[in-house]
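Structure first, commentary second.
Each ligand, and each atom within it, is numbered from 1 in the order the structure gives.
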Amino acid sequence: MQPSEMFVGSIDQGTTSTRFLIFNRDGEPVASHQVEFGQIYPHPGWHEHDPLELVSSVETCIAGAVQSFESQGHARTSIACVGITNQRETTVVWDHETGEPLHNAIVWTDTRSQSIVSELKTRPGASHLQSLCGLPLSTYSSATKLLWMLEHVPKVKDAFDRGTLAFGTVDAWLVYRLNGGVAANVFVSDSTNASRTMFVNLETLQYDDALLDFFGIKGKIHLPRIVPSSDPSAYGVIASGVLAQVPIMGCLGDQSSALVGQKGFSPGMAKNTYGTGCFLLYNVGEKPVISKHGLLATVAYDFGGKPVYALEGSIAVAGSGVKFLQNNLSFFQDSKEVNDLALTVEDNGGCVFVTAFSGLFAPYWIDDAKGTIFGITQYTQKGHIARATLEATCFQTKAILDAMEKDSGKALSELAVDGGMSNSDLAMQTQADLISIPVYRPKMRETTALGAAIAAGLAVGMWRNFAELRDINRAGGAVFEPQISREESATKFGQWEKAVRMSRGWIGSDTTQNQDGDRSTDGEKKSVAHEALPNNTNKATTNGPPTAPSENRGMGIPKAVPRQNASPLVSELVTSGGLGATLKVKTRTAANGDTDRDRNRDWDFSPAKTPLISVSGDLDDADEEDLFLELRKVEILQKLKKLRKLKLSYF
Ligand SMILES: Nc1ncnc2c1ncn2[C@@H]1O[C@H](COP(=O)(O)OP(=O)(O)O)[C@@H](O)[C@H]1O
Ligand SMILES: O=P(O)(O)OC[C@H](O)CO
């Protein structure tokens, strides 16, 4: 088949919907089909997908799009190959011997692993993880979701003990099942997806023993082979259905795919995708850049030669905020109505909505932030809240761009956008206003699907190089120019930053949420109080305190230490005055003598101006974690050189 006669299919398995698009060589979608699938929210903060439903949604979309394609007179045999793009980090586990899933997939937005994350942060080596894998320790990565399943799902733990546990992100699961599952056993993941697990070394793009050791899974679990994002043979062939025997030749995590679809192939190019969440990727070239300002280092694409890396700003809530107004608050029937609802009012009426449904991701990384609307009065209308919802993502994007400028030393001159929420003209105008640079929205916004089509098309020879992609989706885009002054923009942003500071600490002060999602009050036990922090409180682990060596606690699955047996004591608190004061904190799990949980940390502080921490009451395990988090904030403040004097009181 001549390249000009070829078509390429693209599976786009997103967080809220699945679609299949068929592109011609001009990069135009000629047929498509889309379905939504079940969103499972078993407890507050939990979010799951049924892995089998993800596969059947893909099959439905392929069948629907191919039907439409054929009805236009095309032959399905002209579909030369298929690419896959997918929601990242979402974690699937299955039995390697039977091919059957062992639990619902835990979605990237899910925050149930919060206490595991807190515990992991105290382990030796925790502060070095980000320099190896590019990601901060948070509930976001696949690793902590897998550890949660190992601790809480007996079927998963059994398979782990028997050596039959297979782990994969959604790409690996789809490739495996589309190839027919256990019979063909095509078990691979592309570099862009694999690098979101925290198991992969960003330089080598292979699993890193130190990382696997840290999470206690080295040699104990079946992991997909890591392969390039564009490859003629690694991904196998579709085993059944209307595209049976068509090869899969490309695969990219959806945000990498959008960068490719926007043809962000040169260092300095960036795109921002407003889907369920919102993700800004900035091409940094052939060397990863480890962020010092709350961003992630990630693989942009790996087309077989030298991989290309990106700095990423991840926002957990974008279109999902719009969906929240639609599904939970019944503000409208369809997402696109948010634009008109927001236009019923002139401004946000004083409302600022910190949409921290999954805590706050980049550049803040605040696990304990909760969704909060500030500024509600009798005056407040639905339109104000709709505006505030759209603005939330735009504000967070502004914070990310500021961080990106600090990390890269360069300011962006224009932002390319795509994804469902970018369809809102008001949201995109607001974005341009807040970042004071033009926002460019291409005419064809299925850039995520286009990226995977490009990855597959390059492997099959439909396109031979990037130059041949130049004219794809070039004409007919819209440009949103900033319409307010930088001063006005800065004032609005200041309000947002204040709201971010005030959105934290709701859960955990007088209300806690246990591992099963139940709420309970613990008002009597303790209080770990802190004062408001200055504006930028990101928690990039590269900036973390040094970790004192101790026995290798990174080995093995983290033990679920019964709370009643774990009563760590702060055995020593030492402060010494003067410049560069040192605080020593030693804690010990005393009741069961479990030295496995010993802590021993030193932090250096510049003198602080105001009291920042006061800890009172008996410390239990959770308190201890809180204390460490508080100390971490102080350490960050010190880095920001905002402190003059530290006073610490302990009762
Ligand atoms: N016209 C619109 N205005 C604002 N938000 C929209 C609009 N259309 C879709 N969305 C939002 O975009 C999201 C879907 O975007 P999409 O790029 O398909 O995301 P995903 O790949 O995560 O499923 C939904 O959360 C939806 O609320
Ligand atoms: O579903 P999206 O498009 O918001 O993307 C999800 C991301 O891949 C999560 O990292």
Side-chain angles (χ1 to χ4, degrees), residues 10-19 21 32 34-37 39 47 49 54 57 61 85-91 105-110 135 138-142 145 169-171 192-193 195-197 252-259 261 271-281 296 298 310 312-328 331-343 355 357-358 361-362 386-387 389-394 417-431 441 445-452:
S10 180
I11 296 166
D12 181 357
Q13 203 304 292
T15 310
T16 48
S17 76
T18 300
R19 54 195 101 167
L21 292 91
S32 69
Q34 179 170 2
V35 294
E36 296 205 345
F37 53 86
Q39 304 295 325
H47 188 184
H49 291 153
L54 295 184
S57 73
C61 288
T85 180
N86 56 283
Q87 51 172 321
R88 307 164 304 165
E89 297 93 19
T90 298
T91 300
I106 299 187
V107 180
W108 60 274
T109 49
D110 190 293
L135 310 177
S138 78
T139 58
Y140 180 33
S141 67
S142 313
K145 299 176 197 302
T169 41
V170 168
D171 58 316
T192 66
N193 276 292
S195 68
R196 310 298 294 188
T197 57
L252 287 157
D254 55 6
Q255 303 310 322
S256 289
S257 199
L259 184 69
K271 68 87 211 178
N272 203 22
T273 302
Y274 303 72
T276 303
C278 182
F279 301 86
L280 202 157
L281 262 66
L296 313 185
T298 199
E312 173 175 325
S314 326
I315 302 172
V317 174
S320 54
V322 176
K323 283 270 180 220
F324 172 78
L325 301 185
Q326 178 188 322
N327 298 335
N328 302 41
F331 274 18
F332 38 74
Q333 303 291 317
D334 191 299
S335 295
K336 63 175 184 273
E337 295 172 50
V338 70
N339 197 78
D340 287 347
L341 178 59
L343 284 171
T355 49
F357 303 158
S358 299
F361 285 11
R387 259 187 195 260
T389 306
L390 297 176
E391 286 174 356
T393 308
C394 301
V417 300
D418 50 41
M421 203 178 101
S422 75
N423 287 309
S424 162
D425 286 359
L426 178 63
M428 293 305 99
Q429 183 57 54
T430 305
Q431 187 65 85
R441 185 178 66 190
R445 281 160 231 164
E446 297 290 357
T447 37
T448 301
L450 177 61

Exercise for the section: Could you establish whether N339 and ligand 1 come within less than 4.0 Å of each other, counting only heavy atoms on the residue side? Expected result: no

Practice task
With atom 6 (C) of ligand 1 as the reference point, say which of G420, G14, A258 has the nearest heavy atom.
Solution key: G420

Handout entry: Side-chain heavy atoms of L135 within contact of T197, under 4.5 Å
Key = no

Exercise for the section: Give the contacting part of T276 toward ligand 1: side chain, backbone, both or neither, where contact means a heavy-atom distance below 4.0 Å. Expected result: both

Handout entry: Atoms of ligand 1 close to S17 [distance to a heavy atom under 4.0 angstrom, numbered from 1]
Key = 23 (O)

Handout entry: Close side-chain approach of F37 to T18, heavy-atom, < 4.5 Å
Key = yes

Exercise for the section: Just let me know how E89 lines up against ligand 2, side chain, backbone, both or neither, with a heavy-atom cut-off below 4.0 Å. Expected result: side chain

Problem - Short side-chain to backbone donor-acceptor contact, S257 and D254, under 3.5 Å - result: no

Practice task
Have a look at D254, T169, T276 and point out the one with the heavy atom closest to atom 7 (C) of ligand 2.
Solution key: D254

Problem - Point-to-point distance, once rounded to the nearest 0.5 Å, from CG of N339 to CG of N423 - result: 9.5 Å

Completion exercise
Of R445, Q431, R441, the one forming a side chain to side chain donor-acceptor pair (under 3.5 Å) with Y274 is Q431

Exercise for the section: Give the residue, atom name and distance (to 0.1 Å) of the protein heavy atom nearest atom 4 (O) of ligand 2. Expected result: G277 N, 2.9 Å

Exercise for the section: Return yes if some donor-acceptor pair links the side-chain N/O of Q39 with the main-chain N/O of T15 below 3.5 Å, else return no. Expected result: yes

Practice task
For ligand 1, note which part of E36 has a heavy atom under 4.0 Å away: side chain, backbone, both or neither.
Solution key: neither

Exercise for the section: Show which atoms of ligand 2 fall inside a sub-4.0 Å distance from at least one heavy-atom site of T15. Expected result: 1 (O), 2 (P), 6 (C)

Practice task
Taking only heavy atoms of Y140 into account, list the atoms of ligand 2 that are under 4.0 Å away from them.
Solution key: 9 (C), 10 (O)

Completion exercise
Residues at least two apart in sequence or cross-chain that pass side-chain contact (heavy atoms from CB on, under 4.5 Å) with T192, listed by chain then number, are D190, S229, L252, S256, V299

Fill in the blank from the handout: A student checking ligand 1 against K323 at a 4.0 Å heavy-atom cut-off should list atoms 25 (O), 27 (O)

Handout entry: Per-atom contacts, ligand 1 versus G419 - under 4.0 Å to a heavy atom
Key = 17 (O)

Exercise for the section: Could you list the atoms of ligand 1 found under 4.0 angstrom from a heavy atom of V338? Expected result: 3 (N), 4 (C)

Handout entry: Heavy-atom nearest option to atom 26 (C) of ligand 1, drawn from S335, G277, A386, C278
Key = S335

Exercise for the section: Within a distance under 4.0 Å of any heavy atom of R19, pick out the atoms of ligand 1 and give their elements. Expected result: 16 (P), 18 (O)

Practice task
Check whether any side-chain heavy atom of Q255 lies under 4.5 Å from a side-chain heavy atom of T448, and answer yes or no.
Solution key: no

Practice task
For the residue pair R196 and T298, confirm or rule out a side-chain donor-acceptor distance under 3.5 Å.
Solution key: yes

Handout entry: Any side-chain donor near an acceptor of the partner, S17 and Q34, under 3.5 Å
Key = yes

Problem - Residues which pass side chain to side chain donor-acceptor pair (under 3.5 Å) with T447, listed by chain and number, not counting sequence neighbours - result: D418

Problem - Interfacing atoms of ligand 2 (cut-off 4.0 Å, heavy-atom, W108) - result: 4 (O), 6 (C), 9 (C)

Problem - Geometric N/O contact T16 with ligand 1, under 3.5 angstrom - result: yes

Problem - Polar atom proximity, G275 to ligand 1 (N or O, under 3.5 Å) - result: no

Problem - N/O donor-acceptor pair under 3.5 Å between R88 side chain and N193 backbone - result: no

Handout entry: Polar proximity ligand 2 side, R88 side, N/O cut 3.5 Å exclusive
Key = yes

Problem - Close N or O approach (Y274, ligand 1; < 3.5 Å) - result: no

Exercise for the section: Number the atoms of ligand 1 from 1 as they appear, then name those within less than 4.0 Å of a heavy atom of S320, with their elements. Expected result: 25 (O)

Practice task
Would you please classify the geometry between the F357 ring and the F324 ring as parallel, tilted or perpendicular, with 30° and 60° separating the classes?
Solution key: tilted

